[in-house]
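Notes for the one structure printed next.
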Amino acid sequence: MADEMKIGAYICKGCGIGDRLDAGQLASTATRDGKAAICQQHDFLCNEEGVKMIQADIDNEGVNRVVIAACSRRAKTEAFAFDNVTMHRANLREGVIWVRPDSDDQQETTQEMADDYVRMACAEAKYSKVPETSGQQGVNKNILIVGGGVGGMTAAIEASKAGYPCSIVEKTAALGGAVAQLHKVIPTKAPFADPQDAGVDELAAAIEADDNITVYLNSTTTNIAGAPGRFAADISAESGATQTKEFGAIVQASGFIPYDANKLPEFAYGKNKDVVTQLELEALAKAANGGAIKRPSDGKEVTSVVFVQCAGQRSKKEGHLEHCSGYCCSASIKQAMYFKDQNADVDTTIMYTDLRTPGAGGENFYRSGQKKGVTFTKSVVNEVVDGANPTVKFKDLILNEEAEVEVDLVVLATGMIPNSGQETRADLAVEDAEDKAEAKSSGEEQVIRVEVESILNLDYRQGKDVPHMANGFADSHFICFPYETQRTGIYTAGPTRRPMDAKQAMDDAMGAAMRAIGEAENAGLGKAAHPRSGDLSFPSFRKEGCTQCKRCTVECPFGAINEDEEGYPVYNESRCRRCGTCMGACPVRVISFENYSVDTVGQQLKAVDIPEEFDEKPRIMVLACENDAYPALDMAAQNKLEYSAFARVIPVRCLGSISLSWITDSLNSGFDGIMLMGCPSGDDYQCHFVKGSGTAQERMSKVGDTLETLSLEKERVATYEISITDIHKVPKLINDMADTIEQIGMSPFKF
Amino acid sequence: MAKHEYSYYPGCSSQKGASGSNLQRSVDTMCEELDVKLNQIPDWNCCSASIGYGGGGVLPRMTLSARNIALSEQHHPDQEIVATCAACWLATKEAQERFEDDPSMMAEANQALAEAGLEFKNKKKIRHMVEVLIEDIGYDQIGSGVKRPLEGLKVAGYVGCQTNRPFGIDGESFENPMYLDKLVDTLGGESIKTYEKKVQCCGGALAFSEPVKSQEMIHGIIESAYDNGADVIATPCPLCQANVEIYQDEINAKYGTKFDMPVVYYSQLISVAYGRDAKDSSLDGQIIKAKKLEKIAGK
Amino acid sequence: MSTNTGTVEKYRNNFLKEVEANVEEGDWVKMCMQCGVCAGSCPLGKHWAHPPQEIFMMIRAGKREEVLTSDSMWMCTSCYNCIVRCPRELPITHIMHGLANYAKRLGLAPKAQPTAWFSQVFWDNMMKKGRVNELKLGLSLYFKDGIVSGIKESIKHQKLGMNMMKAKRMSPMELFGGHGVKSAGDLQKIIKKAQEIENARLESYGK
Ligand code: SF4
Ligand code: SF4
Ligand code: SF4
Ligand code: SF4
Ligand code: SF4
Ligand code: SF4
């Protein structure tokens with residue numbers, strides 16, 4: 001990087017900017033206030049000539065901080081892509097002229113707006129550095145696949161096809177997982193009418209024949225350390241032997257655990273041998289091998305069978321699963337066909353409350369079942385009574401009456417529990433520690449959370465597995481990408497991620513494998529993953545100032561930071577998504593990125609010119625998340641929706657990155673209002689960094705105290721949840737804040 | 001030679017002295033004006049409508065229609081079959097489709113027809129008179145012949161059931177078909193787009209067997225026409241026309257209403273708009289006189 | 001018929017199979033997905049003891065007696081609302097007609113059901129001459145409960161009749177002959193043959 005900082009400011013007069021604003025004045029603002037060494041104006045900056053002009057200054061004049069005063073930072077990014085310089089945009093088009101009316105009496109405030117944005121961009125330039133990779137990692141093309149079911153096998157085959165060597169770690173003695181236990185599977189091809197072969201043997205044979213795929217049977221991962229690009233996994237065999245291998249990325253396809261039907265005594269499970277689960281029926285069907293299915297108790301050929309749907313599922317009852325496993329309706333249809341296809345005279349009744357057959361061919365399969373004479377009875381099964389033949393007692397919901405039927409066999413459609421390992425939320429880890437401490441001091445017996453065995457055994461500060469979402473499924477980042485988890489470089493696929501059938505799990509695995517490959521490459525180059533893909537910056541901390549408070553390690557949504565023995569944070573660059581939540585968390589402000597820091601924003605807000613109190617020109621600081629709120633503001637501008645000329649907008653990486661010091665600094669330097677705009681948080685979050693906006697909301701609850709000590713009205717600082725579609729809402733919120741300030745009056749802190 | 005020629009299936013209610021005879025007379029007038037020639041299928045028989053099922057099983061009922069199709073094939077080999085009665089059209093078209101889907105049923109019907117030396121091939125299209133108007137002639141063409149626009153006449157277009165479902169006319173929606181309104185507008189009248197009983201069932205044949213239950217529905221059909229300011233209800237269906245018109249006295253007695261709402265056919269509207277007098281337009285066939293329409297016809 | 005008196009086990013498929021074999025469009029019954037749209041579409045819905053959705057469920061539940069003796073199917077006005085709305089495209093109207101016909105054939109249809117009675121009269125009236133004689137049909141309707149109540153009914157509807165005659169839409173001449181198919185005998189032969197074919201098929205069920 002060049003030793004001397006040199007700012008080049010370029011003012012565009014295109015897109016109407018030249019007509020609306022005094023470009024000459026902007027240029028003198030850039031040189032006088034912004035300390036730009038070079039400042040040039042251009043009629044059409046993003047055309048070839050304009051770009052060449054900038055490049056020439058970089059090449060010949062040593063410009064290494066480029067300030068472009070033109071359109072939004074989201075526009076023309078390809079034209080303005082220069083190497084080895086930092087880039088700063090003063091948003092004069094979407095941020096000024098498009099949101100202000102073109103009239104003489106507004107001219108003054110509009111120009112002030114533009115001047116401020118030029119000052120702010122120059123201030124940011126002054127405090128930014130050109131990011132360089134840390135060199136922590138190199139490219140490692142090996143992909144670790146945890147789980148050898150159809151999902152894991154598919155991931156391996158796909159990754160290998162793409163040229164990436166894979167290792168499958170499978171806990172049992174054979175590949176195939178749950179699907180290997182099935183007689184047949186739900187059809188995946190038109191006309192979706194009949195059960196089809198699972199194809200497990202073909203998959204296993206393909207794996208066997210592939211030199212690029214290594215299989216570890218009877219093995220588990222007992223420790224995984226490192227980060228994308230440099231994962232070090234201990235693979236331990238049942239015998240105890242352990243070997244450590246390096247991987248670039250991980251696919252977790254650990255499948256599901258069948259629900260324990262012993263929790264359903266009301267259905268006589270465990271008492272009557274002829275009450276079986278779907279999985280147990282598969283074994284009976286396999287044994288029959290196309291002949292008549294015989295029931296377990298006495299080997300009699302089954303002539304009548306009832307399927308009890310949602311057994312222990314979709315229910316809030318103690319011990320039941322709350323979710324719908326999604327595959328068991330189709331599975332019952334398939335199993336009823338085992339009987340019907342062999343002998344159409346067998347009575348097969350599926351007792352359901354809602355029949356759910358998702359997928360492209362789901363409805364076709366349902367119809368095919370009906371055509372084959374499977375009877376669908378909308379009903380709630382209350383009880384299965386033990387006897388020589390089990391008797392099913394149910395309420396027929398269509399005929400609204402209690403009824404019962406005696407049959408040869410009852411099949412319970414019990415669901416899937418995700419095999420996703422331990423609950424690993426950081427806050428739980430902290431709570432656990434607190435609980436333990438408390439229990440110790442009070443001498444009470446400790447309440448211990450039921451320990452589930454870990455799948456991955458990650459050596460992460462925040463826990464051993466990927467964080468769980470609803471009902472224990474390890475899905476996470478729905479806003480970004482389905483396979484994404486809160487652990488960069490680890491992708492879940494199949495029923496670990498959400499309930500699904502075999503076909504869906506295989507499709508899922510392909511997607512996850514492709515993501516894993518992409519991240520292995522990405523991490524090798526030191527680039528950030530989604531949503532700041534390609535970003536080369538990474539957080540670092542000043543050890544001298546750090547108080548070992550652990551806030552950064554706890555609040556990082558991606559578990560990127562470990563702790564060393566002394567309690568200092570240890571950053572794992574390629575686990576990091578560059579959200580800045582750690583930076584916002586640090587009470588002593590020692591965390592920073594080369595191109596994003598407490599200063600790059602803090603100096604911008606200080607660069608804003610604050611008029612005297614009696615000028616009646618308030619100033620509103622808007623800190624807007626770059627993922628949703630800032631684009632929404634841009635789109636409002638495209639729609640020519642106006643907002644107050646007193647607003648000054650600064651994009652931030654995430655609401656979670658906001659340092660409280662920015663707020664106190666703004667108030668102290670005389671801003672009249674402060675608006676924080678982030679993505680919706682909570683269960684239905686839309687934060688691109690999962691927890692950033694939620695964390696920020698919590699922190700902001702403390703701002704009230706600051707306002708109180710300054711004797712300022714609490715209305716002056718407000719937090720908003722903005723979605724990218726809130727195009728009409730954002731300008732209105734700004735105008736509302738301007739109105740509020742008019743009512744409560746100007747801030748007294750103007751010097 | 002007439003511009004359009006069809007093999008015509010009039011149906012029982014359109015016979016002389018029957019409940020729908022005024023439909024027949026106005027259709028004759030309308031066809032004269034539009035240069036349409038209807039060749040009656042010689043010796044046609046009843047289709048058993050949609051009520052014969054109590055006495056006749058599927059095959060006998062379908063065979064009734066098969067005979068009509070056979071006669072049409074024999075006498076009018078190159079003409080499509082056209083019906084004016086909703087039930088006739090529906091029964092014949094339904095039979096035609098069923099025979100097409102079920103060759104063994106068709107063979108059985110032919111076996112029965114053979115008793116009288118008949119046979120059918122089932123290749124004919126079965127159409128409703130309204131389809132002829134819309135598809136073969138077209139709104140523009142119809143509009144261009146209007147001599148006496150139905151100015152100021154507010155018409156509640158009552159499509160009913162069987163002209164509308166299950167086949168529909170001109171691909172229009174089952175819940176809100178627009179063709180009758182469009183036709184009224186084409187004739188210079190004022191269609192009531194807000195008439196919400198447009199496709200309400202009148203009870204059909206059950207108006208005879210379940211008069212109380214049916215008249216409750218008919219009451220609604222008429223009430224809504226009043227609520228929407230209608231001068232007249234217009235319909236394409238002879239059973240609808242009869243049911244909605246003739247029970248108004250009985251409904252008034254039961255509900256204490258003063259209904260006196262004329263119910264006419266689209267063919268009567270066209271006849272009047274084309275300048276024909278009240279008699280040619282069979283307005284004398286009304287039990288409840290369509291006074292406003294008569295006035296236009298008398299101009 | 002073999003199954004005429006046979007008992008049917010509940011929630012087994014015997015009756016469904018019987019319906020599939022013997023009732024018009026009966027093989028569609030199993031395709032109903034119990035959404036209830038048809039039940040909500042019937043114009044006389046509130047008078048049905050069991051709307052079509054329920055009838056289909058009852059068939060699947062083996063409730064033979066309840067279904068065939070029900071007067072529900074006889075409430076169908078043939079409006080075709082259900083058919084155009086059913087997401088599974090069941091020919092519901094025809095199944096109702098078919099069930100009604102089948103119940104009547106087995107002698108299980110409710111005795112004093114007016115539509116059951118009327119549809120038979122209609123059929124007989126039509127079969128005489130090949131076309132419907134509206135006057136005779138109407139009169140037989142009024143006299144269905146015997147001569148005394150018939151005269152009462154006639155007087156009640158006298159005005160209606162007079163109105164119709166005035167409008168030339170009812171002819172007293174119909175009483176003495178009236179319209180008809182010229183070759184009515186041929187028609188009768190044809191339909192008799194069709195009936196024979198159908199009866200033979202039905203009688204062979206279960207044998
Ligand atoms: S698009 Fe941007 S850089 Fe290009 S002329 Fe417009 S404002 Fe200038
Ligand atoms: S898929 Fe069907 S059986 Fe399984 S939980 Fe969902 S609704 Fe119940
Ligand atoms: S920037 Fe975000 S992901 Fe990276 S270490 Fe900080 S909090 Fe974690
Ligand atoms: S938040 Fe700041 S002070 Fe606390 S551990 Fe992290 S770097 Fe150190
Ligand atoms: S056709 Fe019959 S069953 Fe269907 S909605 Fe109309 S009345 Fe009901
Ligand atoms: S509308 Fe069709 S699918 Fe729905 S309940 Fe009625 S018959 Fe069954």
Side-chain angles (χ1 to χ4, degrees), chain B residues 12-13 15-22 43-46 48-60 62-64 67 90 108-109 111-116 118 161-162 164-166 168 174 199-201 203-206 208-210 213-214 217 242 246-247 249-250 284-287, chain C residues 24 43-44 47 75 77-81 83-85 93 97-98 100-101 104-105 114-120 122-124 126-127 130-132 134 137-138 141 157 159-160 163-164 166-171 173-174 178-179 181-183 186-187 189-195 197-199 202:
Chain B
C12 302
S13 66
Q15 298 170 92
K16 195 155 181 279
S19 59
S21 55
N22 48 344
D43 206 36
W44 56 267
N45 56 261
C46 175
S48 92
S50 38
I51 189 67
Y53 60 81
V58 210
L59 186 60
M62 295 297 133
T63 307
L64 286 170
R67 179 175 177 273
L90 177 68
E108 287 175 345
Q111 200 186 332
L113 289 180
E115 294 286 305
L118 286 171
C161 297
Q162 297 190 347
N164 180 30
R165 298 180 296 258
F174 296 122
V199 296
Q200 159 74 48
C201 177
L206 269 67
F208 299 104
S209 53
E210 297 279 8
K213 298 182 181 100
S214 301
M217 298 191 288
I246 66 181
Y247 298 111
D249 280 345
E250 295 187 24
D284 56 348
Q286 298 303 122
I287 288 170
Chain C
E24 177 175 358
L44 291 183
H47 304 291
M75 292 294 155
T77 65
S78 310
C79 73
Y80 288 78
N81 234 339
I83 288 201
V84 300
R85 289 182 183 167
T93 317
H97 294 175
N101 179 281
K104 195 145 178 302
R105 201 183 269 273
T115 304
W117 179 86
F118 175 62
S119 68
Q120 183 67 53
F122 182 97
W123 179 260
D124 296 344
M126 177 199 74
M127 282 314 293
R131 293 185 191 170
V132 166
E134 288 180 342
L137 183 63
L141 195 61
H157 297 282
K159 186 158 172 234
L160 193 158
N163 282 340
M164 292 294 276
K166 264 197 274 175
K168 298 210 167 51
R169 285 163 59 186
M170 194 188 267
S171 161
M173 293 310 287
E174 289 273 328
H179 300 288
V181 172
K182 275 185 240 103
S183 45
D186 275 359
L187 180 72
K189 261 196 276 174
I190 291 171
I191 299 306
K192 190 161 158 264
K193 180 73 187 171
Q195 271 164 336
I197 297 172
E198 191 165 89
N199 290 343
L202 285 173

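Throughout, a chain's letter reflects where its sequence line sits, starting with A, and its residues are numbered from 1.
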Handout entry: Residue part contacting chain C, namely of Asp284(B), when any heavy atom lies under 4.5 Å
Key = backbone
Exercise for the section: Report the option among Ala205(B), Ser50(B), Ser13(B) that has the most heavy-atom pairs separated by less than 4.5 Å from atoms of chain C. Expected result: Ser50(B)
Practice task
Hey, could you give me the CG/OG1 distance between Leu206(B) and Thr77(C), rounded to the nearest 0.5 Å?
Solution key: 6.5 Å
Practice task
Run the numbers on Glu115(B) and Lys192(C) for side chain to side chain contact (heavy atoms under 4.5 Å, CB included), then give the verdict.
Solution key: CA-CA 9 Å; Glu115(B) 294 286 305; Lys192(C) 190 161 158 264; over 6 Å; no
Problem - Leu44(C) and Met217(B), any side-chain heavy atoms less than 4.5 Å apart - result: yes
Practice task
Select, from Ala114(B), Gly20(B), Cys161(B), the one with the greatest count of heavy-atom pairs under 4.5 Å involving chain C.
Solution key: Cys161(B)
Problem - Under 4.5 Å from any heavy atom of chain B - which part of His47(C) - result: side chain
Handout entry: Side chain, backbone, both or neither of Gln162(B) within contact of chain C (heavy atoms, under 4.5 Å)
Key = side chain
Handout entry: Closest non-hydrogen atom pair between Trp44(B) and Val181(C), with its separation
Key = O-CG2, 3.4 Å
Completion exercise
Turns out that what part of Asn199(C) lies under 4.5 Å from chain B's heavy atoms comes down to neither
Problem - Contact winner vs chain C - Ala116(B), Gly204(B), Ser214(B), heavy-atom pairs under 4.5 Å - result: Ala116(B)
Handout entry: Side chain, backbone, both or neither of Leu59(B) within contact of chain C (heavy atoms, under 4.5 Å)
Key = both
Practice task
May I ask you to name which of Asp124(C), Ile197(C), Asp186(C) has the most heavy-atom pairs under 4.5 Å with chain B?
Solution key: Ile197(C)
Handout entry: Under 4.5 Å from a heavy atom of chain C, the part of Ala242(B) involved
Key = both
Fill in the blank from the handout: Highest number of heavy-atom pairs under 4.5 Å with chain C among Gly285(B), Ser21(B), Ala49(B) belongs to Gly285(B)
Exercise for the section: Can you tell which part of Lys104(C) gets under 4.5 Å to a heavy atom of chain B, answering side chain, backbone, both or neither? Expected result: side chain
Handout entry: Heavy-atom pair of closest approach, residues Gly57(B) and Arg105(C)
Key = CA-NH2, 4.0 Å
Handout entry: Gln286(B) versus chain C, the contacting section by heavy-atom distance below 4.5 Å
Key = backbone
Handout entry: Derivation of the side chain to side chain contact (heavy atoms under 4.5 Å, CB included) call for Glu108(B) and Glu198(C)
Key = CA-CA 9 Å; Glu108(B) 287 175 345; Glu198(C) 191 165 89; over 6 Å; no
Practice task
For the residue pair Ser209(B) and Trp117(C), establish whether any side-chain heavy-atom pair is separated by less than 4.5 Å.
Solution key: no
Practice task
Look at Gly168(B), Gly54(B), Cys201(B) and state which one has the largest set of heavy-atom pairs under 4.5 Å with chain C.
Solution key: Gly54(B)
Practice task
Please report the shortest heavy-atom distance between Ala194(C) and Thr63(B), naming the atom on each side.
Solution key: CB-OG1, 3.6 Å
Practice task
Could you tell me whether the side chain of Asp43(B) and the main chain of Lys182(C) form a donor-acceptor pair under 3.5 Å?
Solution key: yes
Handout entry: Nearest heavy-atom neighbours spanning Gln120(C) and Gly55(B)
Key = OE1-CA, 3.4 Å
Problem - Interface moiety of Leu64(B) toward chain C, non-hydrogen atoms closer than 4.5 Å - result: both
Practice task
Any chance you could lay out the side-chain hydrogen bond (donor to acceptor under 3.5 Å, both in side chains) test for Arg165(B) and Thr93(C), step after step, and finish with the verdict?
Solution key: CA-CA 11 Å; Arg165(B) 298 180 296 258; Thr93(C) 317; over 6 Å; no
Problem - Nearest heavy atoms of Pro166(B) and Val84(C), plus distance in Å - result: CA-CG1, 3.7 Å
Completion exercise
In short, Gly52(B) meets Trp123(C) closest at the heavy-atom pair O-CE3, 3.7 Å
Handout entry: Arg67(B) vs Ser183(C) side-chain heavy atoms within contact, under 4.5 Å
Key = yes
